[in-house]
Amino acid sequence: MKIAYFDAFSGIAGDMVLGALLDLGLPMEVLEDVIAKLELPGVEVRTREVLKNGIRATKADVWIGDQKEEPGVPHGTADHSHTHSHAHAQSDSDSHSHSHSHSHSHDARHSYREIHKRIVAADLGTRTTDYATRIFHALAVAEGRVHGCDIDDVHFHEVGAFDALVDIVGASAGLVHFGFEKIFVSPVPTGRGFVNTDHGRMPVPAPATLELLRGHATDPGNGTHEMVTPTGAAIVQALAETGPPPTLSPIEIGHGAGDLDFADRPNLLRLVLAEEVPSSRRPELPALDAASHRDEILVLESNIDDMNPEFFEAAMAALFAAGALDVSLQPQTMKRGRPATCITVLAPPERRETLETVLLRETSTIGVRSWRAQRRILSRRQIHVTTNFGSIEVKVVTLPEGRERYTPEYADCQKAASEKRVPVSDVYAAALRAAEDRGD
């Protein structure tokens with residue numbers, strides 16, 4: 001499986017993603033074709049080779065006419081040009097420019113729906129169109145949440161809209177060009193401090209950026225600048241997996257540069273083209289001690305707020321029948337206060353496709369999150385003990401320090417209690433004493 005891994009140790013922005021893709025070998029013709037199909041007159045991507053802390057990288061800049069989109073140095077972005085989004089519910093005077101220092105007029109604005117239609121009409125190819133519309137939708141939803149309005153009331157200033165279009169659609173076309181099947185991103189440093197905007201002084205990360213990082217691992221306070229832009233965060237939100245990557249074998253590496261130079265790190269986004277290492281080639285994880293070991297497990301999750309709760313029993317039974325190791329349900333409260341249930345499935349990694357199909361078939365969910373996790377497992381075995389109530393199975397777990405913990409199997413205890421007409425607690429206590437006395 002071909003995987004894209006964004007190592008975002010200095011954050012992530014749209015132009016850094018473009019630079020990393022070009023550095024990885026993306027032909028410039030791919031971006032030129034995108035710009036032509038989007039009918040963006042006077043817009044082009046220019047590149048230059050730069051060094052960041054001695055590391056060669058590609059810096060990609062979007063030019064509109066004879067003007068380059070600047071990163072907005074007065075508020076200290078990491079490279080990182082914003083999308084110039086503008087959300088309004090009642091008044092058109094609420095600009096969201098993030099104080100960018102350039103001379104372009106911000107009078108013309110384009111609605112989210114206009115941009116969506118432009119992308120769909122551009123004949124970019126099914127997968128590129130899907131990626132790009134998902135990213136812009138995530139961006140519009142986040143801006144709408146921050147400004148308290150519907151996504152139809154989210155607008156982008158003309159210059160920012162074109163800049164974001166090139167970053168987002170170009171990144172989408174680049175990812176499709178390389179044929180990545182999955183995209184992962186490292187924990188993202190969010191920076192710290194404040195930025196000056198037309199709405200006043202705002203904390204870092206910007207509100208829309210933080211909205212877009214929901215569900216993804218972040219490193220709060222890491223970085224002295226604004227490390228992540230809304231465009232970069234929207235790419236993460238729309239396309240990247242939420243969990244950690246599997247074991248990878250790097251094949252090619254590209255570096256996309258930001259404008260600024262940092263004292264504590266190279267201002268780069270590292271893009272790794274990698275192949276997933278098959279389980280047969282993975283090195284065995286060493287045992288931590290005689291009583292435990294580690295392995296990899298698949299985690300599947302879905303949030304469900306519109307299903308008859310009686311159906312969960314059948315769904316769980318189907319999941320176990322399909323190879324799930326464990327299935328659990330957790331109550332949740334979702335947007336607008338709606339009660340919901342998160343169903344979590346633990347399974348061997350090779351059962352992924354089968355179990356995803358069961359979840360999509362047996363529940364009302366329209367999506368399944370998945371990731372691999374490491375787990376530490378204590379050694380265990382089963383024994384049978386003899387009590388006044390009959391034979392009871394007991395699980396024996398060896399703790400890290402060598403002590404043993406005994407747990408009578410509840411089903412055996414319940415059955416014996418029913419047959420002997422005694423409290424189940426009496427049977428449980430008798431089985432526990434028998435196991436401890438046996439010392440097996």
Side-chain angles (χ1 to χ4, degrees), residues 130 134 137-138 141 145 181-184 211-217 237-246 279 294-378 380 382 392-395 397 405 407-419 423-425 427-428 431:
D130 175 57
R134 281 160 59 185
H137 182 263
V141 168
R145 283 177 179 166
E181 298 172 70
K182 282 189 176 293
I183 300 168
F184 292 87
E211 284 284 343
L212 287 160
L213 292 174
R214 284 175 182 254
H216 290 270
Q237 178 59 235
L239 304 183
E241 304 290 322
T242 55
S279 56
R294 291 191 190 277
D295 71 358
E296 278 194 337
I297 195 168
L298 174 70
V299 184
L300 301 173
E301 276 191 357
S302 290
N303 294 339
I304 301 170
D305 64 359
D306 59 352
M307 189 174 87
N308 183 336
E310 293 176 323
F311 297 161
F312 280 111
E313 182 180 2
M316 293 175 74
L319 288 164
F320 280 120
L325 300 175
D326 199 6
V327 183
S328 60
L329 306 175
Q330 304 89 37
Q332 290 188 333
T333 302
M334 299 182 68
K335 60 185 179 182
R336 302 188 184 93
R338 291 201 304 266
T341 300
C342 176
I343 184 167
T344 302
V345 181
L346 304 183
E350 62 270 16
R351 304 300 297 169
R352 174 178 173 174
E353 295 293 336
T354 300
L355 290 166
E356 285 178 341
T357 299
V358 172
L359 273 172
L360 293 169
R361 185 186 67 228
E362 296 289 339
T363 74
S364 62
T365 189
I366 59 174
V368 181
R369 299 182 297 277
S370 65
W371 64 92
R372 291 173 184 257
Q374 283 191 17
R375 61 175 181 169
R376 182 177 178 180
I377 306 171
L378 293 174
R380 71 196 75 178
Q382 305 295 127
I392 304 294
E393 186 174 291
V394 176
K395 179 166 58 181
V397 175
R405 182 175 65 207
T407 305
E409 291 294 342
Y410 180 78
D412 281 7
C413 294
Q414 185 183 43
K415 180 181 178 182
S418 177
E419 292 175 349
V424 69
S425 58
V427 180
Y428 190 97

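This chain uses plain numbering: 1 for the first residue, then up along the sequence.
R405 pairs by the salt bridge (Lys or Arg N to Asp or Glu O under 4.0 Å) definition with nothing, not counting sequence neighbours. D326 meets the salt bridge (Lys or Arg N to Asp or Glu O under 4.0 Å) test with no other residue; sequence neighbours excluded. Partners of R134 under the side chain to side chain contact (heavy atoms under 4.5 Å, CB included) rule, at least two apart in sequence or in another chain, are D130, Y131, A238, L239. Contacts of R375 classified as side chain to side chain contact (heavy atoms under 4.5 Å, CB included), with partners at least two apart in sequence or in another chain: D295, I297, L325, I377.
Minimum heavy-atom separation, Q237 to E211: NE2-O, 4.4 Å. Scanning both residues, A138 and L212, for their nearest heavy atoms gives O-CD2, 3.2 Å. Among all heavy-atom pairs drawn from F184 and P244, the shortest one is CE2-O, 3.5 Å. L355 and A347 make their closest contact through CD1-CB, 3.1 Å (heavy atoms, listed as atom of the first residue, atom of the second, distance). Minimum heavy-atom separation, P349 to L298: CA-CB, 3.8 Å.
E241 CD to K182 NZ: the interatomic distance, rounded to the nearest 0.5 Å, is 3.5 Å.
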Please tabulate, for side-chain N and O atoms in residues 407-418, each donor-acceptor pair with protein atoms closer than 3.5 Å (sequence neighbours left out).
from	atom 1	to	atom 2	distance (Å)
E409	OE2	Q382	NE2	3.3
D412	OD2	E393	N	2.9

Give every donor-acceptor pair under 3.5 Å between a side-chain atom in residues 336-346 and any protein atom, sequence neighbours left out.
from	atom 1	to	atom 2	distance (Å)
R338	NE	D305	OD2	3.0
R338	NH2	D305	OD2	2.9
T344	OG1	E301	OE2	3.4
T344	OG1	Q330	OE1	3.2

Quick one: side chains of residues 306-322, donor-acceptor pairs under 3.5 Å with protein atoms, not counting sequence neighbours, listed by atom name and distance.
from	atom 1	to	atom 2	distance (Å)
D306	OD1	S364	OG	2.5
N308	OD1	E310	N	2.9
N308	ND2	E310	OE1	3.4

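Contact check for N303 versus T365: no side-chain heavy atoms found under the 4.5 Å cut-off.
Listed by first then second residue, pairs satisfying salt bridge (charged side-chain N to carboxylate O under 4.0 Å, His left out) with a partner in residues 352-363 read R352-E356, not counting sequence neighbours.
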